[in-house]
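As the structure lists them, so they are numbered: ligands from 1, and atoms in each ligand from 1.
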Amino acid sequence: MTTNPAEILSDAIGAEQVLTGEALAARNPGYCEDSLGAQVLVRPRSTQDLVTICQTAADNKIALVPHGGLTGLVDATASHMGEVIVSFERMNRVLRIDPAQGIAVVEPGVTLEALTDALSKHDVICGVDIPSRGSCTLGGMVSTNAGGARVLRYGMIRQNVLGLEVVLANGQILDMTSPLLKNNAGYDLKQLFIGSEGTLGLVTKIVLRLWPAPKSLSCALVACDSFDHFSQLFERARHVLGARLMSFEAMWPDYYRLTTSQPGFGAPPLGADHGLYGVIEVSGADEESAQNALMSLMEPAFEAGLVADAIVAQSEAERATIWRAREDSDAIEHLHETYLSYDVGFELRDLGPFATALVDNFASRFPEITPYIFGHVGDGNLHVMYGLSHSEAANRDVYDALLYDTVSGFAGSTVSAEHGIGLEKRAYLDRSITPQMLDVMKSLKRTLDPDNILNPGKIFEL
Ligand SMILES: Cc1cc2nc3c(=O)[nH]c(=O)nc-3n(C[C@H](O)[C@H](O)[C@H](O)COP(=O)(O)OP(=O)(O)OC[C@H]3O[C@@H](n4cnc5c(N)ncnc54)[C@H](O)[C@@H]3O)c2cc1C
């Protein structure tokens with residue numbers, strides 16, 4: 001009897017669904033360089049295929065590593081010899097769009113961009129939008145509880161999933177696809193799988209809550225002298241704009257200079273010597289009402305000295321330029337051989353002090369390295385990136401430790417506000433959860449996946 005995972009899976013679901021060798025090696029590993037380490041990949045077409053895959057894997061104690069669009073940033077898609085990758089690329093159909101009820105039902109391999117295109121015909125949107133939209137899949141977004149720049153308005157994926165279908169490690173289908181917004185029939189089991197990074201079950205169907213597409217968006221790039229002014233502006237924005245406030249994003253000066261001085265960007269829209277930069281986006285029933293709403297925030301804020309300078313986008317092209325300044329973190333690749341990136345979270349009042357403490361800590365210990373800081377201030381979530389040479393990156397433990405030691409200095413902080421734990425942050429998970437929480441997480445994992453075959457080793461080791 002063979003013990004070769006490729007042969008076992010081929011016998012179970014057909015060789016056509018299994019990739020190995022050249023065909024697999026030629027694929028793009030995405031943002032995790034060890035994604036393709038398993039050297040065997042299966043491509044189910046249906047939930048039933050996945051049931052067969054899981055039953056076969058359970059019988060033969062083969063570990064399964066789910067892959068969506070491979071845009072995850074914490075090495076949660078890394079795979080190793082002896083394991084089998086499950087790619088959801090063939091389960092990529094939008095099954096239902098019901099704009100009246102405000103729901104969509106999709107398979108996990110649908111990309112966010114494909115869904116957004118399909119929804120645009122019906123004048124509705126998915127509440128969560130992230131810059132990796134061209135490649136990231138709904139299955140990956142559910143499994144990482146993706147956030148993005150509109151969490152302030154619509155919440156994270158967790159708040160936008162009405163139902164799920166999941167295949168468990170033993171091949172059992174857990175049908176939790178009721179689309180009801182209000183449903184208090186026992187434990188809300190689907191929430192367990194959201195953000196669990198493929199370690200508790202494989203997501204095969206998603207029922208999403210949809211929102212009416214904003215009729216018009218108005219966007220401003222603002223410069224403030226200090227974080228204190230910026231957070232006062234945020235407080236005003238929430239009160240003045242209410243549900244019309246879509247995004248409230250921040251860029252510290254080094255990040256602003258990085259994205260606005262890259263080749264092809266043109267001149268930075270605002271001078272580069274302010275204390276902090278922000279992107280504020282507001283929705284309205286039409287162009288005029290969106291602009292008026294934005295100005296009802298901006299004009300008094302100017303008079304109060306909270307805003308030092310600003311540009312309000314006058315066209316879709318200008319709006320895109322402002323968002324490019326905020327979103328184009330890949331600009332770091334123009335300046336550095338490689339980089340590290342982090343996604344940490346704090347109470348609002350701690351965001352400014354954290355950024356100051358981090359810049360100071362780096363200036364005193366590693367003055368040659370610049371921390372680029374930006375993020376979703378409205379959700380208490382900052383991203384930090386360091387550009388490094390390959391030889392510096394070999395020493396990454398030192399930089400990780402300095403970052404997470406600085407984070408841990410702030411009560412209630414988290415080492416992951418968005419991207420999850422994967423392999424990358426396992427060593428720091430205990431900074432954000434208690435030992436009792438870790439025990440409960442491990443016992444849930446043992447209950448749902450007793451043989452530890454679903455994405456083993458991710459988040460924590462059993
Ligand atoms: C430029 C860029 C910008 C980004 N911006 C944001 C942002 O603003 N907010 C944010 O939250 N993230 C962001 N990300 C991170 C990333 O895009 C998200 O984590 C995204 O949700 C991952 O989706 P994916 O399909 O690529 O998943 P993958 O990377 O393929 O997988 C991610 C995790 O989900 C698991 N998984 C995938 N599919 C399934 C399934 N069907 N069932 C069970 N488990 C599954 C994988 O095993 C892995 O643990 C960004 C990434 C990039 C590269």
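- Scanning the protein heavy atoms around atom 24 (P) of ligand 1, the nearest turns out to be G69 N, 3.4 Å.
- Considering both main-chain and side-chain atoms, V65 never comes within under 3.5 Å of ligand 1 through any nitrogen or oxygen pair.
- Ring planes of F248 and F230: tilted class, angle from 30 to 60°.
- A donor-acceptor distance shorter than 3.5 angstrom exists from the side chain of E107 to the backbone of R93, with no hydrogens or angles considered.
- A donor atom on one side chain and an acceptor atom on the other are found under 3.5 Å apart for R431 and S408.
- For atom 19 (O) of ligand 1, the closest heavy atom belonging to the protein is T144 OG1, 3.4 Å.
- In terms of polar-atom proximity, defined here as any N/O pair under 3.5 Å, C136 makes no such contact with ligand 1.
- R153 forms a cation-pi arrangement with W211, by the criterion of a distance under 6.0 Å to the ring centre and an angle within 45° of the ring axis.
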Item checked: E281 and W323: CA distance, side-chain angles, deciding distance, side chain to side chain donor-acceptor pair (under 3.5 Å) verdict -> CA-CA 10 Å; E281 187 149 270; W323 274 109; 2.9 Å; yes
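- The N/O atoms of L202, backbone and side chain alike, include none that comes under 3.5 Å of an N/O atom in ligand 1.
- Taking 4.0 Å as the cut-off between side-chain N and carboxylate O, D254 and R257 count as a salt-bridged pair.
- If you number the atoms of ligand 1 from 1 as listed, the ones under 4.0 Å from a heavy atom of M141 come out as 21 (O), 23 (O).
- F362 has its ring centre less than 6.0 Å from the ring centre of Y386.
- Atoms of ligand 1 lying under 4.0 Å from any heavy atom of S143, numbered from 1 in the order shown and given with element: 34 (O), 35 (C), 36 (N), 39 (C), 40 (C), 42 (N), 43 (C), 44 (N), 45 (C).
- In T137, the parts holding a heavy atom less than 4.0 Å from any atom of ligand 1 are both the side chain and the backbone.
- For the pair T77 and ligand 1, the shortest N or O to N or O distance does not fall below 3.5 Å.
- In terms of protein heavy-atom proximity, atom 6 (C) of ligand 1 is nearest to I130 CB, 3.9 Å.
- With hydrogens and angles disregarded, a donor-acceptor distance shorter than 3.5 Å links the side chain of D343 to the backbone of E418.
- The part of P108 lying near ligand 1 is the side chain, judged by heavy-atom distances below 4.0 Å.
- Looking at atom 4 (C) of ligand 1, its nearest protein heavy atom turns out to be S132 OG, 3.9 Å.
- At least one donor-acceptor pair closer than 3.5 Å links the side chain of S120 to the backbone N or O of D117.
- Taking every non-hydrogen atom of G148 and a distance limit under 4.0 Å, the qualifying atoms of ligand 1 come out as 8 (O), 9 (N).
- Under 3.5 Å, the side chains of S135 and T71 contain no donor-acceptor pair of N or O atoms.
- Considering both main-chain and side-chain atoms, E197 comes within under 3.5 Å of ligand 1 through a nitrogen or oxygen pair.
- Using a 4.0 Å cut-off between heavy atoms, L73 contacts ligand 1 through its side chain alone, with no backbone atom that close.
- One side chain, Q17 or D49, offers a donor N or O that lies under 3.5 Å from an acceptor on the other.
- At a 3.5 angstrom cut-off on N or O pairs, L70 counts as close to ligand 1.
- Using a 4.0 Å cut-off between heavy atoms, H419 contacts ligand 1 through its side chain alone, with no backbone atom that close.
- A donor-acceptor distance shorter than 3.5 angstrom exists from the side chain of T259 to the backbone of A325, with no hydrogens or angles considered.
- Checking K61, R446, K445 one by one against D451, the salt bridge (Lys or Arg N to Asp or Glu O under 4.0 Å) holds for a single residue, K61.
- Of all the atoms in ligand 1, the ones that sit under 4.0 Å from a non-hydrogen atom of Y31 are 53 (C).
- Taking atom 47 (O) of ligand 1 as the reference point, the nearest protein heavy-atom neighbour is P66 O, 2.7 Å.
- Those atoms of ligand 1 with a heavy atom of G201 less than 4.0 angstrom away are 43 (C).
- Given atom 5 (N) of ligand 1, the protein heavy atom at minimum distance is P131 CD, 3.4 Å.
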Note to self: Could you walk me through whether C126 and L119 satisfy the side-chain contact (heavy atoms from CB on, under 4.5 Å) test, starting with their C-alpha distance in whole Å, then the side-chain angles of each, then the deciding distance to 0.1 Å, before giving a yes or no?
What the structure shows: CA-CA 8 Å; C126 167; L119 296 180; 4.2 Å; yes
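- Counting heavy atoms under 4.0 Å from ligand 1, residue T71 touches it through both backbone and side chain.
- Remark: side-chain polar atoms of D449 are paired, donor with acceptor, to backbone N or O of L454 under 3.5 angstrom.
- For atom 29 (O) of ligand 1, the choice among S35, G72, G420 with the nearest heavy atom turns out to be G72.
- The side chain of N455, and not its backbone, has at least one atom closer than 4.0 Å to an atom of ligand 1 (non-hydrogen atoms only; side chain from C-beta on).
- Residue-to-ligand polar distances place E418 within reach of ligand 1: an N/O pair is separated by less than 3.5 Å.
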